[in-house]
Asker: 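Below is the structure I would like to discuss, written out as structure tokens.
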Amino acid sequence: MEKTVANADAALAGIKDGMTLMVGGFGLCGIPENLIGALVRNGVKGLTCISNNAGVDDFGLGLLLKQRQIKTMIASYVGENAEFERQLLSGELEVQLTPQGTLAERCRAGGAGIPAFFTPAGYGTEVAEGKETREFDGKMYVMEHWLRADFSLIKAWKGDTNGNLVYRRTARNFNPMMAMAGRITVAEVEHLVQPGEIDPDEVHTPGIFVHRIFQGSNYEKRIEQRTVRQRA
Amino acid sequence: MALDKNQMAKRIARELKDGWYVNLGIGIPTLVANHIPQGIQVTLQSENGILGMGEFPYDDEVDADLINAGKQTVTLLPGAAIFDSATSFAMIRAQKVQLTVLGAMEVADNGDIASWKIPGKMVKGMGGAMDLVASAQNIIVCMMHTNKAGESKLLKRCSLPLTGVGCVKRVLTDLGLFEVGPEGFILKECAPGVSMEEIRAKTEGRLVVPQGVKEMVV
């Protein structure tokens, strides 16, 4: 099924204030740069964003924070974003910090039709407050609920017009689970190819999970910590 | 003399066993990778989706799509594997990773650890630390013995919000190596030239100093 749309702006058709969005990426690695740019241009606000991090002050989801488009953030780590920390501490932004593995599994569960599951992460901490806990084989676990999104914004390396996706290196991270958990899943790819050009054995996300796809442009792929070694 | 960061990393590296899968946290734990003893093969796991993480890249090898959990550019070793975040934490929860080394703000003498939040002041988030400490069989906390204000980080009870309960088995600080047992922190080795008095004075939690504690070889 042909799922190609013209560009990032067209890919966001139907997005409204107050919606819940999943945004792929780990730090600035594997984030949907074109779609984030389109969200800023669109000006949609009151968003609940589910993403492992919140970018940095002037890139990634940090751009949406700066414009005050995000009302609630569900993330595991915010360490690199000063504006995020400021809005969190001042109470302007509602933040639900979630252990990283729990966040990944909640997205996976949302995409797999599993409403809840038990995990040991966070047992005995404030993350478990108000949640059901249960003992299995002598160990305590916390019940966590699935996450689903109105829109999932995904970045892949390669995709075909049927929506089959291939990720590259650690830019994969949360993208595959988030792709599964979107009511409308939009994928931006660096290389858009025709059906048949991706070996079926090499598809990471089957196209059934993807509703709209386009080839992005002008990727900046900013690096947070450029660490190198010297040649001897 | 208290240990410097590289000496701490070197000491932890001696705990590694051949064939282990190891997750190294941000900061000093990352340096452990530089000190893996000869003849020992370990596979480094990075929770953003790598098994078989290699060194930092040469300048002309830097790849924005290839970072570790500390968002540093890295390389892959031959035989490495890439996977998504759910798979990564599946292997962590299912205890396929034999050792987790991570930093902390506070550790208590009952094995509690706090590492992600100072209410009203600082919120970094827990990242993968809660998942790691809840599941790992073998956790070493690697941190300075005192905070910037000179206060002990080895406490009777953590004052900060917890990352995990009763999970820390060992703590390496710049002053010594400790095991966490029913009676509290058991000093196993002290840093070269560091006195028992200094360790006692800087340890707020219950401390056990067995007879004949050895000085650490670094």
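Every chain is numbered from 1, with letters handed out A, B, ... down the list of sequences. Atoms considered below: every heavy atom in the structure, side chains included; atoms not considered: hydrogens, waters and symmetry mates.
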Asker: What do you reckon, is CD1 of A/I208 surrounded by more than 12 foreign heavy atoms closer than 6.0 Å?
Answerer: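 Count not over threshold, so no.
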Asker: Against chain A, label B/N68 side chain, backbone, both or neither, depending on which of its atoms sit under 4.5 Å from a heavy atom there.
Answerer: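 The answer is the backbone of B/N68.
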Asker: Under 3.5 Å, side chain of B/S85 to main-chain N/O of A/A104, donor-acceptor pair present?
Answerer: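 The answer is no, because no donor-acceptor pair under 3.5 Å joins these two groups.
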Asker: Does any heavy atom of chain A fall under 4.5 Å from the side chain of B/T163, the backbone, both, or neither of them?
Answerer: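 Only the backbone of B/T163 comes within 4.5 Å of chain A.
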Asker: Once rounded to the nearest 0.5 Å, what's the spacing between atom CG of B/D84 and atom CE of A/M177?
Answerer: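 Interatomic distance, B/D84 CG to A/M177 CE, rounded to 0.5 Å: 4.5 Å.
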Asker: So which residue, B/E55, B/M122, B/K121, ends up with the most heavy-atom pairs under 4.5 Å with chain A?
Answerer: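 It is B/E55.
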Asker: Within a reach of under 6.0 Å around NZ of A/K221, are more than 12 heavy atoms found that belong to other residues, nucleotides or ligands?
Answerer: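 More than 12 within 6.0 Å, yes.
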Asker: Can you tell which of B/D63, B/T75, B/I92 has the highest number of heavy-atom pairs within less than 4.5 Å of chain A?
Answerer: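 So the answer, after comparing B/D63, B/T75, B/I92, is B/D63.
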Asker: What are the two closest non-hydrogen atoms of B/L66 and A/T170, and how far apart are they?
Answerer: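 Heavy atoms of B/L66 and A/T170 come nearest at CA-OG1, 3.4 Å.
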Asker: Please confirm whether the backbone N or O of A/T102 pairs with a side-chain atom of B/D131, one donor and one acceptor, at under 3.5 Å?
Answerer: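 Confirmed, B/D131 side chain pairs with A/T102 backbone.
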Asker: Chain B heavy atoms under 4.5 Å from A/E85: which part of the residue, side chain, backbone, both or neither?
Answerer: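 A/E85 touches chain B through side-chain heavy atoms alone.
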Asker: Assess whether atom CG of B/D18 is packed by more than 12 heavy atoms of other residues, nucleotides or ligands within 6.0 Å.
Answerer: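 For B/D18, atom CG is crowded (more than 12 foreign heavy atoms under 6.0 Å).
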Asker: Check whether any side-chain heavy atom of B/R93 sits under 4.5 Å from a side-chain heavy atom of A/E105, and report yes or no.
Answerer: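 Yes, side chains in contact.
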Asker: With chain A as the partner, which of B/G127, B/A64, B/A134 has the greatest number of non-hydrogen pairs under 4.5 Å?
Answerer: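 The residue among B/G127, B/A64, B/A134 with the greatest pair count is B/G127.
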Asker: Just one of A/R172, A/R168, A/R169 clears the side chain to side chain donor-acceptor pair (under 3.5 Å) bar with B/D65, so which one?
Answerer: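 So the option named by the test is A/R168.
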Asker: Search all heavy atoms of B/M130 against all heavy atoms of A/G122 and return the closest pair with its distance.
Answerer: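 Closest approach of B/M130 to A/G122: SD-CA, 3.8 Å.
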Asker: A/T98, A/N175, A/L103, A/L28: which one forms the most heavy-atom pairs within less than 4.5 Å of chain B?
Answerer: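 Of A/T98, A/N175, A/L103, A/L28, A/T98 has the most heavy-atom pairs under 4.5 Å with chain B.
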Asker: Are B/W116 and A/L97 close enough, and set up right, to give a side-chain contact (heavy atoms from CB on, under 4.5 Å), and what steps lead you there?
Answerer: CA-CA 10 Å; B/W116 65 284; A/L97 285 169; 3.7 Å; yes
Asker: Go through the atoms of A/N53 and report whether side chain, backbone, both or neither lie under 4.5 Å from a heavy atom of chain B.
Answerer: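 Just the side chain, heavy atoms under 4.5 Å.
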Asker: Only pairs of heavy atoms separated by less than 4.5 Å count here; which of A/A121, A/C107, A/C29, A/G101 has the most with chain B?
Answerer: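 Max contact count across the listed options: A/G101.
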Asker: Please flag which part of B/K117 lies under 4.5 Å from any non-hydrogen atom of chain A: side chain, backbone, both or neither.
Answerer: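 Just the side chain, heavy atoms under 4.5 Å.
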Asker: Cation-pi check for B/F56 against A/R229: NZ or CZ below 6.0 Å from the six-membered ring centre and within 45 degrees of the axis, yes or no?
Answerer: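 Verdict for B/F56: no cation-pi partner in A/R229.
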Asker: Quick one: are A/Q225 and B/T73 in side-chain contact, heavy atoms under 4.5 Å?
Answerer: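 No - every pair of side-chain heavy atoms lies 4.5 Å or more apart.
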Asker: CD/B/E47 to OG/A/S76 distance, rounded to the nearest 0.5 angstrom?
Answerer: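 Rounded to the nearest 0.5 Å, the CD-OG separation comes out at 9.0 Å.
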Asker: Under a 4.5 Å cutoff for heavy-atom pairs, which residue among B/N48, B/V165, B/V62 has the most contacts with chain A?
Answerer: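 The candidate making the most pairs under 4.5 Å is B/N48.
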Asker: Of all heavy-atom pairs between B/L162 and A/G124, which one has the smallest distance, and what is that distance?
Answerer: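 Heavy atoms of B/L162 and A/G124 come nearest at CD1-O, 4.0 Å.
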Asker: Are more than 12 heavy atoms, taken from residues, nucleotides or ligands other than A/Q230, located less than 6.0 Å from that residue's CD atom?
Answerer: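 Counting neighbours around CD of A/Q230, 12 or fewer heavy atoms of other residues, nucleotides or ligands fall under 6.0 Å, so no.
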Asker: Relative to chain B, which segment of A/V95 carries a heavy atom at a distance below 4.5 Å: side chain, backbone, both, or neither?
Answerer: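 No part of it gets close to chain B.
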Asker: If you define the side chain from C-beta out and look only at heavy atoms, does anything of A/V228 sit under 4.5 Å from B/E61?
Answerer: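 A/V228 vs B/E61: side chains apart.
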Asker: Supply the atom-to-atom distance B/K124 NZ to A/N81 CG, rounded to the nearest 0.5 angstrom.
Answerer: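 Here the rounded value is 10.0 Å.
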Asker: Sort A/R108 into side chain, backbone, both or neither according to what part of it lies under 4.5 angstrom from a heavy atom of chain B.
Answerer: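 Only the side chain of A/R108 comes within 4.5 Å of chain B.
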Asker: For a quick test of reading the model, state the closest non-hydrogen atom pair linking B/K71 to A/G27 and the distance between them.
Answerer: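 Nearest pair, atom of B/K71 first, then A/G27: CE-CA, 3.7 Å.
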Asker: What is the minimum heavy-atom distance between B/S135 and A/K139, and which atoms define it?
Answerer: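 Shortest heavy-atom separation between B/S135 and A/K139 comes out as CA-NZ, 4.1 Å.
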Asker: Return the option, out of B/S46, B/A129, B/A69, with the maximum number of heavy-atom pairs under 4.5 Å with chain A.
Answerer: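 Top option by heavy-atom pairs under 4.5 Å: B/A69.
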Asker: Need one label for B/V123: side chain, backbone, both or neither, based on atoms under 4.5 Å from any heavy atom in chain A.
Answerer: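 Both backbone and side chain.
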Asker: To the nearest 0.5 Å, how far apart are OH in A/Y77 and CE in B/M126?
Answerer: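 Spacing of OH (A/Y77) from CE (B/M126) equals 12.0 Å.
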Asker: I'd like to know whether OH of B/Y21 has more than 12 heavy-atom contacts from other residues, nucleotides or ligands below 6.0 angstrom.
Answerer: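 Counting neighbours around OH of B/Y21, 12 or fewer heavy atoms of other residues, nucleotides or ligands fall under 6.0 Å, so no.
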Asker: Quick one: do B/D60 and A/R231 make a salt bridge, cutoff under 4.0 Å?
Answerer: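 A salt bridge links B/D60 with A/R231.
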Asker: When you look at CD of A/E135, are more than 12 heavy atoms from neighbouring residues, nucleotides or ligands closer to it than 6.0 Å?
Answerer: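 Correct, the count exceeds 12.
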